[in-house]
Amino acid sequence: MTLLARWRQLLGIRAEEGRTVGLFFLHNFLLGIGTILVYVSANVILLENHPERNLPLAYLAAAGAMIGAGRIYSRYEHHLGLQRVAVRVLLASLVLTGVLAALVAWGHSAATAVAIMAGYRVIYLLTNLEFWGVSAVVFDVRQGRRLFSVISSGDMPAKALGAVLAILIHHHSDLLWLLLTAFGAYLGALLVLRATGRGHAVEVREAARAARQQAVAPALQRWFGSSRLVLTMCLGMLSIAAVTAGIEYSFFVNVKHRFHDQATVMQYVGSVLVAAYLLALLFKLLFSRAATDQVGVRRMLVLLPGVLAAAMLLAVWLWYAQADEGTRLLYFCGVFVTLEVLRRAVFDPLFLTLFQPLSPPERLQAHTLAKGVYEPLGLGLGGLLLLGQHLRPGLSAWAPFVWMSLFVALAWYCLYRTHGHYLAELQHALRRRFSAGPDTATTLRWAAAADEGGSADPAFDPTNFVPAETSQLIAALRDKTTRPAATQALLQGGPAVVPALAETLESPEADDALVRRVALLCARLPLSASHQALVTLAWQPNLFRREAALRALRGYTPQPSEAPVFEALVQEELTLARHLLTGLTELAPAEPLALSLEYELMRVQQRLFGLLGQLYPPQLIADAQRGVAQAARERQANALEILDNLIPQPVYQALQALLEVAPPAARLRTFERLLTYDEPLAAIVPTVVRRGETVFTDWTIALALGQWQPTAALADAAALLARLGSSSPLVQEAAKALTRRVQQQEPALFGQLLAHQPTLETVLMSHSAPESRISAAERVALLKHTALFAATPENVLSSIVPIMKEVSFGAGEQIFAKGDLGTSLFIVQTGEVGIFSGAQQLATFGPGDFFGELALLDAEPRSASAVTQGPVLAFRLDQDDFYDVMEERPEVLRNILRVLCQRLRRQNEKSVAAG
Ligand SMILES: Nc1ncnc2c1ncn2[C@@H]1O[C@@H]2COP(=O)(O)O[C@H]2[C@H]1O
């Protein structure tokens, strides 16, 4: 690993982000140099001009000027677009610095000092808004959390440098030089901004969102917008700004009292600032990110008010103990440094992250509101109260601590509330505009099925329900003609049918499809017994059954008493994930088995979400699950952020490793940190073959069988026999091929296997007659090559194999005629089929093409005739089966639509060309 890569890893920067982060760091560094030099110049003049009175005045003037500048900024931000506003802000900073330089050259009166201080604050505000505005649209919430502390540390070395200059410079002629250097720094920042603009779209895109469920009261929306997050953050920042003014003032005034000589004052203040900025830099770079990850956003938010509250209590004690001047100065110095470090290293990056879930325009508005209105307002309030104190000289130096304590309490309350609002915003950002939620969808499907009931089969009259028929009713769920009536009858049975349903769920004989149906039925009977039956189902070692249980459990509220069951299952899933990842590291990335194991990992991930939905608020988990599946980076990031705030860190890290697009070895490292094993893990191929259909999909098992080298062990013979007897044609086929290979190439081994399992040979022979010309594996390959299923993984396609009906036609044979009734779709395996409307040939379809989809979709008569052009081998898919597939795999319907559009366009082009 190169030094640069190591450094990047330490700071949590990904390789592709390196350049952008570098540019932002440099930009902030230059801005930092500029602002600190202006700040030093302002302080030099202010501290020699009666700071006790002028500092509060400067705060008040600065607050007014900042609010004005903030308003102008937000107007332009709205009309000009971010990139142009950013450029203008830097140009304005250049002009303002020029004006300040003129003021310094002109004289050093108190008014000049106040004006310079206000000017500094305005420059600081504008550059801040510009910098964070640009970063807030370039980075998403997750990147923000990782990188904001790094990019924002750019101004820390700059500030430390400025503070060193403050120690060295006491002459006014030097101040002009400082301001000229600041001018140069702003110019540099402008150039860096242009470079950033070339690499990124620095613009704000409007994203449509539904109205908030919990918005700010209408009367307050004018002042804070509709988000409660913005409201509490703004008030929190106002309070902290007021306290900061109080502490900065107390610190400066105490220094001034202690050292009367101007040079010593500047040296002292300068040294404290250097220490504060260097500490903040170190803290930001090394601990900020780790602290947010470990401690969590909730606790980080109250850290600053918490520390300030402790400082207030210490002040009470010092006042009570009548501390001397030296101790007091030490105290103010300590509080000042701590506050600066915490504000810059913890609060500022966090503040930015918290606004990331807002839509981009709202985010910028909120930002301008917080920094350009409420923070200056806090400063102004602080200034006012300090001025009041100055006008009543009898008051103790500790007097400001009374109102500061009140502001600390307000900040605590607001920031404490902020975390809840932050989660609500994340959820709001993830919510679909017209989301009906998964449970409603399931319920609707079932309701539709139940509505169809009654007429399908007179044998099951739901009004005439007798409990003794329960087992028959359950059996009737298998057949699609009797299913609707049986469903309705079972639902009407209520508690009386639950024991029989539970028994079916536990029965090893019931097939997976029946278990799925019964599980969904249980979900529609909201009784504790049916809930219990589903929890027991989730606990079964068959993972397909667990998936069915978790899907059915989605509608139930998590029960604390069941948490240990689901927690144990989470651990089990993580163990399987680790095993799969270990297996993946042994395979080439594009190898079919590797791709298949990735699919198994995806199943683990989905089950984990299902389990988490039983442990934490189900709606939040469901939103997060939808969000992580989204292509949009911003939504994904919001979803991860929700999870990070909701679930325990180890589970979160494991889930993130599963979701990441990184080499298996990198993902495995996370799991190795989280889970430890006493024994080495078995190789993946034998594991897949041994655990078989209860854990893995048919496709994975068939691929593993293709690579497996059985040993003479009893377990291997049993596994082989079990796979030969599989109900899946694909697995059976692969097991047979393997057994034959062993029989022919390794007769000794075959003999040993036979000794363990004497029935092996009979099972092998019993399936020897080929039932169809095309093997299950070839069928999967055919499906994969059709436009319809190109995006569907083989693991899913293998479950379509059993519903594919092989059909063959002679040359010139009509498959169906225009106007026929029929609801099947055909996929050509070999040969060609012509589509005719009368004598006109509309199209010709060859291997991999499909036709007949129109009647399948709308159940109207065939729109054209299909006639073979030579011998044809094809597969027929019937409507009911195909609808099941479409329901589970949305991409199949999307692909049908895509192909239909292509056909329509081609037809239009032909019509235009013809006439
Ligand atoms: N213009 C066309 N271009 C391509 N295929 C067509 C066209 N018209 C009809 N078909 C196919 O022919 C099939 C006839 O039966 P369906 O109406 O079920 O579905 C139809 C389509 O699959």
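Both ligands and their constituent atoms are indexed starting at 1 by order of listing.
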* Numbering as shown, the atoms of ligand 1 that approach Phe816 to under 4.0 Å (heavy-atom distance) -> 14 (C), 15 (O)
* Tell me, which protein residue and heavy-atom name are nearest atom 17 (O) of ligand 1, and how many Å apart are they? -> Ser863 OG, 2.7 Å
* **Proximity winner for atom 12 (O) of ligand 1, if only heavy atoms of Leu900, Val899, Leu854, Ile835 are counted** => Ile835
* Polar contact flag for Leu842 and ligand 1 (N/O pairs, less than 3.5 Å) -> no
* Asked: Out of Glu860, Lys818, Glu853, Gln907, whose heavy atom is nearest to atom 22 (O) of ligand 1?
  -> Glu853
* Which atoms of ligand 1 have any heavy atom of Phe851 under 4.0 Å away? -> 22 (O)
* For Ala843, take its heavy atoms, then give the atoms of ligand 1 lying under 4.0 Å from any of them. => 4 (C)
* side-chain hydrogen bond (donor to acceptor under 3.5 Å, both in side chains) between Gln707 and Glu591: does it pass, once the steps are laid out? -> CA-CA 12 Å; Gln707 298 193 5; Glu591 204 179 311; 2.9 Å; yes
* Asked: Using heavy atoms and a threshold below 4.0 Å, how should the contact between Phe850 and ligand 1 be classified: side chain, backbone, both, or neither?
  -> neither
* Within a distance under 4.0 Å of any heavy atom of Ala864, pick out the atoms of ligand 1 and give their elements. => 14 (C)
* **Carboxylate-amine/guanidinium proximity below 4.0 Å for Asp881 and Lys805** => yes
* Assess the side chains of Ser507 and Thr504: does a donor N or O sit below 3.5 Å from an acceptor N or O? => no
* What residue among Arg516, Arg603, Arg554 forms salt bridge (Lys or Arg N to Asp or Glu O under 4.0 Å) with Glu547? -> Arg603
* **Ring-face cation of Arg862 near Phe816 (centre distance under 6.0 Å, axis angle within 45°)** => yes
* To do: Return yes if a side-chain donor-acceptor contact under 3.5 Å exists between Thr700 and Glu600, otherwise no.
  => yes
* Among all protein heavy atoms, pick the one closest to atom 5 (N) of ligand 1 and tell me residue, atom and distance. => Phe845 CZ, 3.6 Å
* Structure fact -> Which of Ser837, Ser865, Ser863 passes side-chain hydrogen bond (donor to acceptor under 3.5 Å, both in side chains) with Lys818? Answer is Ser837
* To do: Of the side chain and backbone of Phe826, name the one, both, or neither that has a heavy atom under 4.0 Å from an atom of ligand 1.
  => neither
* Got the closest protein heavy atom to atom 15 (O) of ligand 1, with its distance? -> Arg862 CD, 3.3 Å
* Asked: For atom 13 (C) of ligand 1, what is the nearest protein heavy atom, given as residue, atom name and distance?
  -> Gly852 N, 3.8 Å
* Find the distance between OG (Ser727) and CG (Asp698) and round it off to the nearest 0.5 Å. => 7.5 Å
* Just distances here: any N/O of Ala855 and N/O of ligand 1 closer than 3.5 Å? -> yes
* Asked: Are Glu806 and Arg779 close enough for a salt bridge, meaning some N to O gap below 4.0 Å?
  -> yes
* Asked: Thinking salt bridges, do Glu598 and Arg667 make one under a 4.0 Å N-O criterion?
  -> yes
* Going by the atom numbers of ligand 1, which of them fall below 4.0 Å from some non-hydrogen atom of Arg903? -> 4 (C), 5 (N), 22 (O)
